[in-house]
Amino acid sequence: MQERYEPAAVERAAQDYWDSHGTFAARESAGRGKYYCLSMFPYPSGRLHMGHVRNYTIGDVLARFMRMQGLNVLQPMGWDAFGLPAENAAIANGVPPARWTRENIAYMKQQLRALGFGLDWSRELATCDPDYYRWNQWLFLRMRERGIAYKKTGIVNWDPIDQTVLANEQVIDGRGWRTGALVEKREIPMYYLRITAYAEELLGALDTLRGWPERVRTMQANWIGRSEGCEVAFPYASDTSAALGGAGALKVFTTRVDTLFGVTFAAVSAEHPLATAAAGRSAALAAFVAECRRGSTMEADVATMEKRGLATGLHVLHPLNGKPIEVWVANYVLMSYGEGAVMGVPAHDERDFEFAHRNGIALRTVVRPAGADWDEVGAEWRAAYAAPGITCNSDRYSNLDFDAAVDAIAAALEQRGLGQKRVQWRLRDWGISRQRYWGCPIPLVHCVQCGEVPVPDAELPVRLPEDLVPDGSGNPLAKSEAFLRCACPKCGKAARRETDTMDTFVDSSWYFLRFASSDQHAAPVDERVQYWLPVDQYIGGIEHAILHLLYSRFWTRAMRDMGLLDLTEPFANLLTQGMVLNQIYYRQPAAGRRLYINPAEVELRADAAGQRSAYWLTDGQGVEQGGLGTMSKSKNNGVDPQSMVQKYGADTARLFMMFASPPEQTLEWSEEGVQGQYRFLRRLWKAVHEHLAAAPVSAHQGLVRIAADAAGAPLSATATQLRRQTHHTLERVTGDIARRRVFNTAIAATMELLNAVTRYDEAGTAARTVRHEALEIIVLCLSPMVPHICHELWHALGHERALIDEAWPQPDAAALRQETVELIVQVNGKLRGRVQVAAGADEATASAAALADAGVRRFAGEAPPRRVIYVPGKLLNIVV
RNA sequence: GCGAAAGUGGCGGAACUGGUAGACGCGCUGGCCUUAGGAGCCAGUGGGGCAACCCGUAAGAGUUCGAGUCUCUUCUUUCGCACCA
């Protein structure tokens with residue numbers, strides 16, 4: 001072998017070997033255990049960034065490891081290719097999104113190949129391929145037939161200047177990103193998927209997802225948000241009936257119906273029909289409702305905005321005592337949650353308390369604590385006010401505890417037909433219509449005569465024209481006569497195509513199924529799904545903890561209920577990779593606009609006061625500091641791995657990412673240390689080279705094992721110790737990868753072993769064999785992380801077969817055996833010494849050994865200990 | 001604002017089940033070597049103290065023989081909040 005480690009040559013050779021042997025092309029094999037290892041497919045934004053390298057290296061480590069465990073591994077890759085950034089690029093450069101996307105895919109694919117991931121490229125798919133998205137359309141039509149997809153109105157961000165719908169990301173401080181215009185809310189008809197029909201099942205099944213991180217299950221459970229409460233109808237007072245032109249009732253949902261007698265106001269959202277009616281009668285109210293229509297639809301914005309409201313002058317009646325209650329319009333009530341209206345109980349709800357305070361609304365204490373902590377709700381809010389207690393001031397429902405009050409009041413409401421207990425979900429149906437070009441067309445036709453008509457299956461896919469260039473003002477599909485014009489499938493007369501496209505989350509909600517049957521042209525999936533699914537290991541960023549993963553769980557169930565699948569949960573095990581963060585810098589030249597500047601082009605300087613300011617190297621002028629955030633195209637703070645790969649090779653880049661931190665942890669980007677990882681690989685190369693240069697090694701299979709030298713004499717103490725460390729390392733690395741899913745400690749363990757091998761200086765045949773064994777284990781253990789160099793070194797160490805085709809070995813139990821162990825000796829919990837005892841020593845023996853130690857006795861004194869705590873093999877604590 | 005997580009040397013991190021705090025690596029310091037390479041090798045490296053020892057895991061409290069680990073409060077950071085993906 002070569003004396004110098006030259007990564008470029010080593011990596012090319014290894015990749016050529018895997019390619020020419022079709023090593024990673026997966027085939028179904030009945031009876032053989034399978035392992036479907038899937039990393040979330042990337043959006044083709046242009047170039048890979050370090051977050052991708054981290055994600056795909058984790059997947060590749062597990063895939064290679066499981067393959068060596070004897071499993072039939074499938075690791076596919078594809079492209080989440082529809083979406084907004086392609087349209088933004090088109091606006092900026094005048095290039096059609098299709099071309100931009102396909103060029104990006106080509107470039108990023110070559111980057112993935114250079115990193116040596118063991119991917120089955122024969123199953124590659126891109127969601128913008130008609131072959132893929134025709135099945136989105138087909139599945140959508142099936143859902144529409146079953147009522148899972150349905151139409152209703154929804155609220156979107158509207159840019160009044162560009163006359164276009166904006167994504168939340170395109171709204172900056174309440175203004176349109178291109179025009180700077182104040183954004184308005186607008187109600188438009190959209191398609192929704194009835195995910196709420198699965199709320200109960202999606203929540204209940206979280207318990208079965210034992211291979212998912214606890215935090216993700218908690219987040220999903222909170223997102224679905226089951227709450228038990230009561231629906232209450234407040235009949236309209238005569239003024240409200242008059243305003244709305246008829247009798248009726250304002251419906252609200254509450255989890256605290258025990259506080260019903262504490263209601264002193266009702267609040268409705270600005271979009272509520274009652275608000276609309278009231279606005280028609282009052283200029284001030286109309287102005288307020290109009291103001292509420294400004295700003296974004298984002299919940300985070302709504303929740304942090306100052307809570308304001310205006311009285312409508314209209315009233316509803318308390319359902320049990322008939323007293324009038326004034327209705328307010330409030331900007332914090334969301335039309336999309338519950339009924340778009342809430343009852344206000346300022347004495348027992350913090351938000352209502354603040355609202356009432358600001359608007360001079362009375363409060364009424366209707367719950368007292370069981371203890372005597374407080375009696376009447378006072379002027380300052382206390383958390384205890386919101387706790388359940390004993391009802392009071394509530395007519396005949398006073399002096400009841402929470403459960404009794406809820407039962408009695410709910411029964412009374414039900415008897416009057418003005419309410420009943422029910423379960424409310426926080427989860428809302430999934431709006432999938434997008435007024436955008438670069439997405440999957442919704443397969444519908446609008447006919448003057450027949451109305452909305454589905455495109456027949458035989459005419460799918462409805463192809464998206466690929467030559468349009470959006471300009472930021474509305475959907476180019478709506479301006480393309482070639483796309484729009486069609487014949488009605490029902491009556492044959494001239495009709496127009498639907499121009500809305502689907503949310504890109506639709507694309508990613510079932511791609512993992514398509515990988516199992518990507519060459520099937522007659523159906524979205526076929527029987528091969530049965531073999532490969534569920535995904536055994538799914539790996540992706542924690543930012544997908546809710547939406548993508550929940551939508552996928554829903555979509556899989558919907559397909560199951562259509563009889564297309566025998567599968568309920570798509571992902572058996574989930575590893576949520578921590579985000580790779582980098583600094584964010586930007587300039588905001590005009591309101592609503594933001595220009596992000598790559599951290600590589602920014603210099604930090606400290607002024608006299610120590611205040612650090614950032615400057616753009618291009619013009620030397622200052623830039624705003626946006627703090628830390630996930631590497632992304634939109635924030636222009638990604639770090640391209642290309643230069644690192646070019647300088648040090650793919651193995652160093654992979655090793656560096658895996659060694660930097662455990663996979664689930666957030667990682668602040670820094671390139672410090674990459675040099676050290678390269679140095680380690682070079683030392684490994686050198687150690688193997690020097691070992692082989694000293695004497696030739698004969699070809700052999702499997703691992704070298706040695707327990708005694710040729711003459712039958714036992715190994716030296718140092719040789720025995722190195723063997724023990726060798727097999728201990730194998731044990732640690734195996735546990736770290738298979739059980740703990742941490743790779744930084746696995747790498748650290750092999751580094752320690754290499755250090756030990758370097759220090760080991762015994763000569764002779766037995767010593768050589770012990771060293772050879774240690775080097776083989778190091779190469780084996782590192783191979784999932786740095787497969788190229790290990791591929792080469794494995795051959796050099798005398799193996800015919802490729803390393804990737806070897807079986808992962810078991811540690812040698814004999815080598816691990818230990819005669820004596822070191823005990824930590826504490827006195828009153830403080831470390832005071834260490835003693836060697838026989839491996840199975842009992843407490844008396846250990847205690848005697850410890851007290852024989854002069855250092856220990858100095859602290860323990862001569863008196864007998866009050867108590868001794870003995871943890872065999874580990875520690876002895878003497879309490880005096 | 002709400003939901004979820006994280007916080008350990010100068011830096012990345014280790015400590016897996018409540019039991020040696022700082023493994024491994026970076027950086028730094030000193031030395032060696034040299035056909036001077038951004039190479040290699042050796043030693044040291046949490047703070048204080050001559051030492052024995054003492055202090056130390058965001059801050060504050062608590063549980064325990066023993067707490068980085070468990071509980072509570074606070075602070076900071078990250079992720080998500082339904083049209084970025």
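Chain naming here is simple, since letters A, B, ... match the order of the sequence lines and numbering starts at 1 in each.
- Rounding to whole angstrom units, CD1 of residue A:Ile747 and C1' of B:C24 are separated by 10 Å.
- The distance between atom CD of A:Glu668 and atom P of B:U78, rounded to the nearest whole Å, is 9 Å.
- Once rounded to the nearest 0.5 Å, the distance linking CZ of A:Arg594 with NZ of A:Lys635 reads 8.0 Å.
- A:Ile824 comes within 4.0 angstrom of a base, heavy atoms only.
- A:Lys307 forms no cation-pi arrangement with A:Phe355, by the criterion of a distance under 6.0 Å to the ring centre and an angle within 45° of the ring axis.
- Comparing A:Arg867 and A:Gly629 by the nucleotide of RNA chain B that holds the closest heavy atom to each, the one mapping nearer the 5' end is A:Arg867.
- Considering only side-chain N and O atoms, A:Arg679 lies under 4.0 angstrom from the phosphate OP1 or OP2 of B:G27.
- A:Val674 comes within contact range of no nucleotide atom at all, as no heavy-atom separation falls under 4.0 Å.
- Residue A:Glu543 places its side chain closer to B:C79 than to any other of B:A23, B:C65, B:C79.
- Rounded to whole Å, the distance from CD1 on A:Ile542 to P on B:G3 is 17 Å.
- Donor-acceptor pairing under 3.5 Å is lacking for the side chains of A:Asn475 and A:Gln435.
- The C1' atoms of B:C81 and B:G62 are separated by 35 Å, rounded to the nearest whole Å.
- In a base pair of the Watson-Crick type (N1 to N3 plus N6-O4 or O6-N4) or a G-U wobble (N1-O2 and O6-N3), with each distance short of 3.5 Å, B:G40 is matched with B:C32.
- Heavy atoms of A:Arg759 sit nowhere under 4.0 angstrom from any nucleic acid atom.
- Applying the Watson-Crick and G-U wobble criteria (two distances, each under 3.5 Å), B:A14 pairs with nothing in any strand.
- Note on A:Arg740: a side-chain N or O is less than 4.0 Å away from OP1 or OP2 of B:A15.
- Expressed to the nearest 0.5 Å, how far CZ of A:Arg553 lies from OH of A:Tyr198 amounts to 13.0 Å.
- The side chain of A:Asp80 approaches B:A85 more closely than any other nucleotide in the set B:A85, B:A82, B:G19.
- Taking the six-membered ring where the residue is Trp, A:Phe82 and A:Tyr133 present tilted rings, their angle falling between 30° and 60°.
- Comparing A:Gln435 and A:Leu831 by the nucleotide of RNA chain B whose heavy atom lies nearest to each, the residue mapping closer to the 5' end is A:Leu831.
- As the counterpart of B:G62, B:C70 is assigned, both hydrogen-bonding distances of the Watson-Crick or G-U wobble pattern falling under 3.5 Å.
- Taking only side-chain atoms of A:Arg682, from C-beta outward, the nucleotide of B:G38, B:U20, B:G40 with the closest atom is B:G40.
- For A:Asn88 and B:A85, the CG to P distance is 9 Å, given to the nearest whole Å.
- Residue-level contact check: A:Gly541 touches neither bases nor backbone, having no heavy atom under 4.0 Å from any strand.
- If you check every strand for non-hydrogen atoms under 4.0 Å, A:Leu628 touches sugar and phosphate atoms only.
- Close to B:U77, at under 4.0 Å from its OP1 or OP2, lies no side-chain N or O of A:Thr666.
- Among the nucleotides B:U20, B:C84, B:G25, the one closest to the side chain of A:Glu822 is B:U20.
- Between B:G80 and A:Asn222, no contact under 4.0 Å exists linking OP1 or OP2 to a side-chain N or O.
- With both pairing distances under 3.5 Å, B:U57 is matched to nothing as a Watson-Crick or G-U wobble pair.
- Here the P atom of nucleotide B:G66 and the CZ atom of A:Arg866 are 10 Å apart, to the nearest Å.
- For B:A85 and B:A5, the P atoms lie 27 Å apart once the distance is rounded to whole Å.
- Residue A:Asn744 places at least one side-chain N or O under 4.0 Å from the OP1 or OP2 atom of B:A14.
- Between the CD atom of A:Glu672 and the P atom of B:G9 there is a distance of 15 Å, rounded to whole Å.
- Relative to the side chain of A:Gln826, the nucleotides B:G19, B:G25, B:G38 differ in distance, and B:G19 lies closest.
- No donor-acceptor contact under 3.5 angstrom links the side chains of A:Asp159 and A:Thr164, judged on distance only.
- Annotated as syn: B:G9, whose glycosidic dihedral is within 90° of 0.
- As judged by a 4.0 angstrom heavy-atom cut-off over every strand, A:Ile878 is placed among residues making no nucleic acid contact.
- Taking the ring centroids of A:Tyr551 and A:Trp430, they lie under the 6.0 Å cut-off.
- Pairing for B:C2 is with B:G80, a Watson-Crick or G-U wobble pair whose two hydrogen-bonding atom distances lie under 3.5 Å.
- Which of B:C65, B:G40, B:G13 sits closest to the side chain of A:Lys686 comes down to B:G40.
- B:C33 and B:C41 have their C1' atoms separated by 8 Å, with the value rounded to a whole Å.
- Backbone-only engagement by A:Tyr43 is indicated by non-hydrogen atom pairs under 4.0 Å involving sugar-phosphate atoms exclusively.
- No N or O donor and acceptor, one from the side chain of A:Asn828 and one from the base of B:C65, sit under 3.5 Å apart.
- Distances were taken from every side-chain heavy atom of A:Phe659 (C-beta onward) to each of B:G25, B:C65, B:G13; the shortest belongs to B:G25.
- Residue-level contact check: A:Thr630 touches the backbone only, with heavy atoms under 4.0 Å from sugar-phosphate atoms and none from bases.
- A:Gln665 contributes no side-chain N or O that forms a donor-acceptor pair with the base of B:G13 under 3.5 Å.
- In this structure, A:Arg832 does not reach the B:U20 phosphate: none of its side-chain N or O atoms is under 4.0 Å from OP1 or OP2.
- Between A:Met219 atom CE and B:C79 atom P the separation is 12 Å, expressed in whole Å.
- Residue contacts shown for A:Lys635 are absent, as no nucleic acid heavy atom lies under 4.0 Å away.
- Residue A:Lys830 has its side chain nearest to B:C55 when only B:C55, B:C53, B:A85 are considered.
- Summarising the base pairing, B:U45 is matched to B:G27 through a Watson-Crick or G-U wobble pair whose two defining distances lie under 3.5 Å.
- A distance of about 24 Å separates the P atoms of B:G47 and B:C42, rounded to the whole Å.
- What separates CD of A:Gln577 from C1' of B:A4 is a distance of 17 Å, to the nearest Å.
- Using a 4.0 Å heavy-atom distance criterion, A:Tyr332 is classed as making no nucleic acid contact.
- Between A:Asp162 and A:Arg178 a salt bridge is recorded (basic side-chain N to carboxylate O distance below 4.0 Å).
- Both tests do not hold together for A:Arg682 against A:Tyr5: distance to the six-membered ring centre under 6.0 Å, angle to the ring axis within 45°.
- You'll find the ring centres of A:Tyr132 and A:Trp510 inside the 6.0 Å limit.
- Within the nucleic acid shown, A:Pro42 has no heavy atom closer than 4.0 Å to any nucleic acid atom.
- At the heavy-atom level, A:Trp430 lies nowhere under 4.0 Å from the strands shown.
- A:Ile869 comes within 4.0 angstrom of a base, heavy atoms only.
- Relative to the side chain of A:Glu299, the nucleotides B:C81, B:G40, B:C79 differ in distance, and B:C81 lies closest.
- Contacts of A:His544 with the nucleic acid, taken as non-hydrogen atoms under 4.0 Å apart, include base atoms.
- Distances were taken from every side-chain heavy atom of A:Thr504 (C-beta onward) to each of B:A82, B:A85, B:G13; the shortest belongs to B:A85.
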